[in-house]
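Just so it is clear, the structure is predicted and the values come from calculations on it, not from any experiment. Numbers restart at 1 for each chain; the letters A, B, ... are given by sequence-line order, proteins then strands.
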Amino acid sequence: MDSSILLALIQDGIVSGAIYALLALALVLVFAVTRTILIPVGEVVSFAALTYANLDNGKPPAVLILLLGLGVAAFLRGAIFSRGRALIQLGVETLIVPGTIAFAATLLAPLQLGVAMNAVIAIAVVAPLCPLLYRLAFAPLAEASVLVLLIAAVGTHLAISGLGLLVFGPEGARGVPFSDAVVQLGPIIFPGQAICVLAATLCVMGGLWAFFRFTLAGAALRATAINRRGARLVGIPTENAGLQAFWLAGLIAAGSGVLIAPLTTVYYDGGFLIGLKGFVAAIVGGLASYPAAALAAILVGIVESFSSFWASAFKEVIVFAGIIPVLLWRSLRHVSVEDEE
Amino acid sequence: MLSRSRITLIAATFVAGFGASLAHADTIKVGITLSATGPAASLGIPERNSVPLFPKKIGNADVQYIVLDDGSDTGRAVANTRKLIDEDNVDLIIGSTVTPASLQMIPVVVEKKVPMIAAAASGAIIAPMDENKRWVFKVPQNDGLMADAITAHMAKAGIKTVGFIGFNDAYGDGWLAEFTRSATAKGITITTAEKYGRADTTVTGQILKIMATKPQAVLVAGSGTPAALPAKTLKERGYTGTMYQTHGVANAEFLKVGGKDVEGTYLPSGPFLVADQLPDSNPIKAVALDYTKQYEVVYGPGTVSTFGAHGMDTARLFGAAAPVALTHGKPGTPEFRAALRDALEGLRGLVVDHGVVNMSPTDHNGFDERARVMVQIVNGAWKLQP
Amino acid sequence: MSLLEARSVSVAYRGVRAVEAVSIAVEHGEIASVIGPNGAGKTSLLAALMGLIPSDGAVIFDGVDISRLPTEARVARGLALVPESRDLFATMTVRENLALGAYRHRSEGAAARRDAMEQNFMLFPRLKERVDQLAGTLSGGERQMLAMARALMGRPRLLMLDEPSLGLAPLIVRDIFCIIATLRDSGVSILLVEQNARAALALSAHASVLENGSVTLSGDSATLSADQRVTELYLGAAVQAV
Amino acid sequence: MKPAIWLALVAATLVLPWLPGLPLFWVSLACQIGISAIIAVGLVVLTGVAGMTSFAQASLMGISAYTTALITTKLGISPWLGLPAAMAVTLVVAFAIGSITLRLSGHYLALGTIAWSVSLYYLYANLDLVGRNDGLTGIPPLSLFGQKLIDIRFSAQIIGLSLIGGMIASLHLLDSRWGRAMRSLRGGAVAAASVGVDLGRARMLAFVFAALMAALAGWLFAHMQRVVNPTSFGLVAGIQYLLMAVMGGAAHLPGALLGATAVVLVNNSLQDWLPFLFGAGVSAETIVFGVALVLILQAAPAGLWPVIAPRLSRSHRVAETALTVQTMPKLGAVALRASGLQRRFGGLVAVADLSFTLYQGELLGLIGPNGAGKSTSFNLLSGADHPDAGRVELAGQDVTGCTPQMMARRGLARSFQHARLVPSLSVIENVALGAHLRGHASPLSAILRRDRDEEAHIYAEAARQLARCGLADLADHNATSLALGQQRIVEIARALAAGPSVLLLDEPAAGLRHGEKQSLAALLRQLRDEGMAILLVEHDMEFVMSLADNLVVMDFGTVIATGKPSDVRRNPAVIEAYLGGVA
């Protein structure tokens, strides 16, 4: 192995790692606020990628049916329990917002306004799926154990990936790169898309850090994650906190999807493994710390890249067996007297 | 058209599911389990879509098709098989789409003595022939037949060294084994054999490894659109050698996703893929174009794929063998099933969408060289190679 | 009109009725107390008043029925609860905890928040020393102070305190009760729930005795203090030091 | 359950599959359900009872299936011999995996099992030995007297018997001293450790037991399908089994069967009627299944079983005689001695210098204002935490750095400031957990019901201690339904059931009514008079002053006074620091 291969592998690992890092952030966020391990995050990635890739045919995105359908379902489910102002808010969030997005997307998609617009449309139509799923599947289970929430997440994943097959079909698609530019730094080639991925990851991370550190809304979200009852007692509407966390996760995951769409072929069910690796990173990072999760994600990407060079058949074995010692180390360091339920 | 065929199918399912005893004595029931969801959905869906085109009547007997989805999962494929045989009392099993599922279905059909026609590719399903596999037939070409086509093409082009990258599943495994056998026989060296996952987002590591061994050509053994990723990465890394793919990529989406990255790629395929380019003298042409026309009437122009043709071929085998079997017994009886098996084994010179079938007690696939052609991707379309 | 009136509030918890048709009232500017042994349903009653758990009956706050409102809406109307479990944000600093206490006034901006914080530091000078420390690293007494200060940041009209003396050393208990009196004098109405009946009765104008989920005695505190049943049952167990 | 019911079930299992007219397909569905249920039974023990989430059960099943497939096809050995071989190999592998993975806690453990599951899947798929992705074919069916049992009705009988066996084994195991230990892992681990339960062993036991259930299922699967390949043993399959257990009700054994039945039947019937709703061209099964799963969980978060069946209280045979009373060390002997204990947390010195001696037959009170370091001291003395400097001696032996388990073995028992009872155990079972170290039955003897006499004695002991603490009539109540004060007393009873010579009590009087305090005081006096050494950390001055023989007063991590209560009360340093001069 010469140094150019070494550098190429590292670069490849960092790009994959950046995507895992974004998903890890989304997973940590959702878990911290709602104790849900959001397995369907993978579907959100896939759907956004497929939507972005399909937008260059100039047709309104197929996923709009799903968006509107879930919106109506969430409205009907919520309407049983809420009235008055809550019902109006529910209607706005589940009918008006998706409806407006769908309308705008239908209008804008045929105009072919370029990759940036397509990226915005793809994120705008896919990200709201996440909060709708929260309303449908997870909010009613807010008090349940982590295990039950996990199985509910599995159920959601099954249903959503089945719907994905109906909407997108079994074949993959690939998006137009944001930039065809190639930056050559000595022996390493940086494709423009890879640079976009890294830049976007850094921006999202920085943005999240600032949001949580400097805004009261961010602090309220953190507070809900730390002590839900305490948050309710100071007047934070914690159900909205769950919704916010899912919104953020939806935006991050949909953004990741758009970022990888030009890098690789994406399938309706392709997000599961990507999400799983983000999950690995999230847990290695302790499901609590954002920087640790991001670092772990980069590590997973690099290990994966190198093992696909050395022993591609055993790549997953190396990646997954390799995290066991890391888990061991983390678990021993973080001495929990009583396992959380 | 679509809705009517659906209704027929639903009605058939209804009768089969709830009124086994009501069924007419002269009704042949065919149980189908295909992978319409899960990883193999891109193969299973066109296969299933062909079912409405299957013959509704054979001789005087009506035919009922009962279609189940196994989600590319072996457990469900086996459960479906048991359900079809025990509950619906079918005379023939068609399926499954994937090799591991098909392999697990074999003990069930052997136990029940029901013939089975697999739509999965691996030669392991029907070879080596033994007491159990007597009951099993298979429509897609053996990987070995296709691998030989590739190595022959390579030998002709003077290629001596090949890098291999394939799916880390039964498909990639089967291809690696067959290609290794065939290449060794032709004196072609495989410089390195790499694996990747269907859903992997990057294969840079594998491609760098392959390029480090400097092969004259690279063979990608994957199916459907996921097979485009290695080709793209090769181009991205500046690889200039010849690229080969397998017949698993033969659908329109692959061309779309692959784009200019797969331009010039060679692959073996059933003649079906380029039926319109075949000489009129080739008997396959008429059969294949007929199916294409029927399919596209239902599902729209440009939707037909070689996988759907495999699905159709299962019905063509059945359609040719059933009339013979009907002379030996009533549908639903062990005699009929045994006769159907014998008739399938006795098929000679049957022209199907993918070739000409000559079954024998030792070969339950029955294809010869006529079942494969070499194709090159030229200007984003399949081009038959002489 | 009372500031808070609970009419026949009941709470069922896992099929067991923890609170059975309890009616109490808190007048403007006074301390009312609820005393009773552990397990009597005091904490459940407060949780029901705050909307943390579902309950039957009516809760009237300042003339408005709030019994169907979620917790955050009750907070917005000026109710605040300092729970027995404190429920601080352990991995946030004292400053962040206090800032979130003013969540209902979030539109007022950072400057107003700082002023409110300074006012609280006058009541709880120890918190000022520890303003950048994580809440989880505070001692038990400091946590109680922070919990109270956080609730006061929302400038509540009614402050409900659940066992503010529990688990605290006598010296700190005395401090806390002093602060409660000061707050009352500054115009905050207070509902005090205590096991330490002697201290609670000494502070409050009215009191109710809660036993097995029902109010068994109620009246003005002076009368209750003299009641023989109260003396026998509870005062014997009170902390000597106060 | 009564043996008669089990016998009836066995009879039904043997007869039902051969019922004339029974559709064969139902039998094959029953087989599917049975195999899944066996794995789910293991998961009930592992996840529902012991609280460890595992996604790797399908992988462990694979180990067994491949083992039996390999030795029967390659070596031509009888499938019946495949069972012990497969069990043995799975046992070894589970032990190896467990000894690495079980050190993980919570989510780390769950992810650890995902990691094993993915890794093992790709190992199976890439090893030539096990036939790579195509797997192994031609596995012989089970045979009896030279007759091949190829008919699915034989399979149904064997699977049914295996399931019944697995259920009985699980029931027996859970109703034993190790069963209590495993239950304590969920929400009561710290308490269990304090009475000497080896938590590591309890975790391993649950893991290995679940693995053996998976192994049994794997063996049945291999000889029923007669073909094995990796797809049956991947992560998705692992998730499916966990899903069955959770949907049925992970904390209940019948839930395993119920969950397996529900999932298999729903999956099967969806195939039948969905085409009528959506048309034949649409594969809506996964969608409907996923939605149904979420809705069921929303309606019944604890699973289906608790919805249809009331919670059964376990009954226990109680022997005439309790465990033999352990002899107390000589009165006045040194029971516990702390010398120069020191503990820092970062820059904060929680305990600067703590030295005292506790004698057998003495009641020593440890008091001090909040933040004086009492709780830290308590932890150092009980082994929950370890000092940075100094020494703890128990009955003359140096126990510095010992774990709570080791302390318990040496005769020390404790209570907790916040009562820590095992939520899934009744009051008397919680107390019986205290006698863990006084029993000796192994898990195997529990499964074989050889532990009945010992268990009856343990329950008699538990009943005796409960009666002594005045809670005899609450024996069968759910532990968490008790008032907080009563829970504290149960803790003392549990500590006593361990037969200790030294008792450490952390604020036992907090939250008790006046009368309850008085009876607690009486109990403590009686124990002291029997020769027990008691260390009492308490806030309630009146309580501690009237009770303790001697007092140790701490402030800022150091001892500021020791002596008789009457002297301490007058000590100016104590008045200054503790009471602020008001007392």
Side-chain angles (χ1 to χ4, degrees), chain A residues 31 37 39 73 136-138 140-141 143-163 165-166 272-273 276 279-280 282-284 286-287 311 313-328 330-332 334-341, chain D residues 47-48 51-53 100-101 103-112 114-123 125-126 185-190 193 235-236 239-240 242-243 245-247 250 278 282-299 301-303 384 420:
Chain A
F31 183 83
I37 293 168
I39 297 175
L136 279 169
F138 302 106
L141 284 168
E143 307 300 319
S145 70
V146 172
L147 182 62
V148 167
L149 282 166
L150 173 71
I151 299 295
V154 170
T156 317
H157 156 72
L158 290 175
I160 291 296
S161 74
L163 287 167
L165 178 60
L166 284 186
F272 180 67
L273 209 60
L276 192 61
F279 176 57
V280 166
I283 295 213
V284 171
L287 270 179
F314 294 95
K315 184 186 82 183
E316 311 293 347
V317 182
I318 294 171
V319 171
F320 281 92
I323 62 164
I324 290 174
V326 182
L327 290 179
L328 209 56
R330 277 221 64 113
S331 183
L332 292 181
H334 149 260
V335 182
S336 78
V337 258
E338 200 92 4
D339 276 359
E340 203 227 346
E341 283 283 296
Chain D
T47 303
M52 292 177 273
T53 305
I100 301 169
T101 322
R103 292 169 188 275
L104 305 177
S105 53
H107 313 299
Y108 297 115
L109 178 65
L111 179 61
I114 290 182
W116 283 113
S117 170
V118 175
S119 303
L120 285 172
Y121 174 84
Y122 282 102
L123 267 188
N126 283 291
L185 291 172
R186 226 180 123 176
V190 174
L235 180 58
V236 176
I239 291 176
Q240 180 103 337
L242 186 64
L243 184 158
V246 172
M247 190 159 145
F278 297 102
V282 178
S283 300
E285 282 122 64
T286 47
I287 304 170
V288 176
F289 181 76
V291 171
L293 179 61
V294 172
L295 290 180
I296 288 172
L297 286 180
Q298 287 179 356
R420 290 175 182 270

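Between chain D and the options L158(A), V154(A), V319(A), L276(A), heavy-atom pairs under 4.5 Å are most frequent for L158(A). Heavy-atom pairs under 4.5 Å with chain A were tallied for N126(D), L111(D), I100(D), L243(D); the largest tally goes to L111(D). Heavy-atom pairs under 4.5 Å with chain D peak, among L136(A), L141(A), T156(A), at L141(A).
The side-chain hydrogen bond (donor to acceptor under 3.5 Å, both in side chains) check on Q240(D) picks up nothing, with sequence neighbours excluded. Applying the ring-ring contact (aromatic ring centres under 6.0 Å, His included) test to F272(A) and every residue at least two apart in sequence or in another chain returns H157(A).
Inter-residue side-chain proximity for V146(A) and T53(D) is flagged as unmet; no heavy-atom pair is nearer than 4.5 Å. The closest side-chain heavy-atom distance from Y121(D) to V317(A) is not below 4.5 Å.
Using a 4.5 Å cut-off between heavy atoms, Y122(D) contacts chain A through both its backbone and its side chain. Residue S117(D) does not touch chain A at all, counting heavy-atom pairs closer than 4.5 Å. With a threshold of 4.5 angstrom between heavy atoms, L150(A) approaches chain D through side-chain atoms but not through N, CA, C or O.
Side chain of Q298(D) to backbone of A137(A): a donor-acceptor contact under 3.5 angstrom is found.
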Test side-chain contact (heavy atoms from CB on, under 4.5 Å) on Y108(D) and L328(A); report intermediate values, then the result. CA-CA 8 Å; Y108(D) 297 115; L328(A) 209 56; over 6 Å; no

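Separation of atoms CG (L165(A)) and OG1 (T286(D)) is listed at 7.5 Å; rounding is to 0.5 Å. In this structure, the separation between CD1 on I324(A) and CG on L104(D) is 8.0 Å, given to the nearest 0.5 Å. Between the OG atom of S119(D) and the CD1 atom of I318(A) there is a distance of 10.0 Å, given to the nearest 0.5 Å. Note that CD1 of I114(D) and CZ of F279(A) are 4.5 Å apart. Values are rounded to the nearest 0.5 Å.
The two residues L297(D) and A152(A) come nearest to each other via the heavy atoms CD1-N, 3.6 Å. Heavy-atom minimum distance, G155(A) versus L293(D): CA-CD2, 3.6 Å.
With I151(A) as reference, V246(D) is the one residue of V246(D), V294(D), I296(D) to meet the side chain to side chain contact (heavy atoms under 4.5 Å, CB included) rule.
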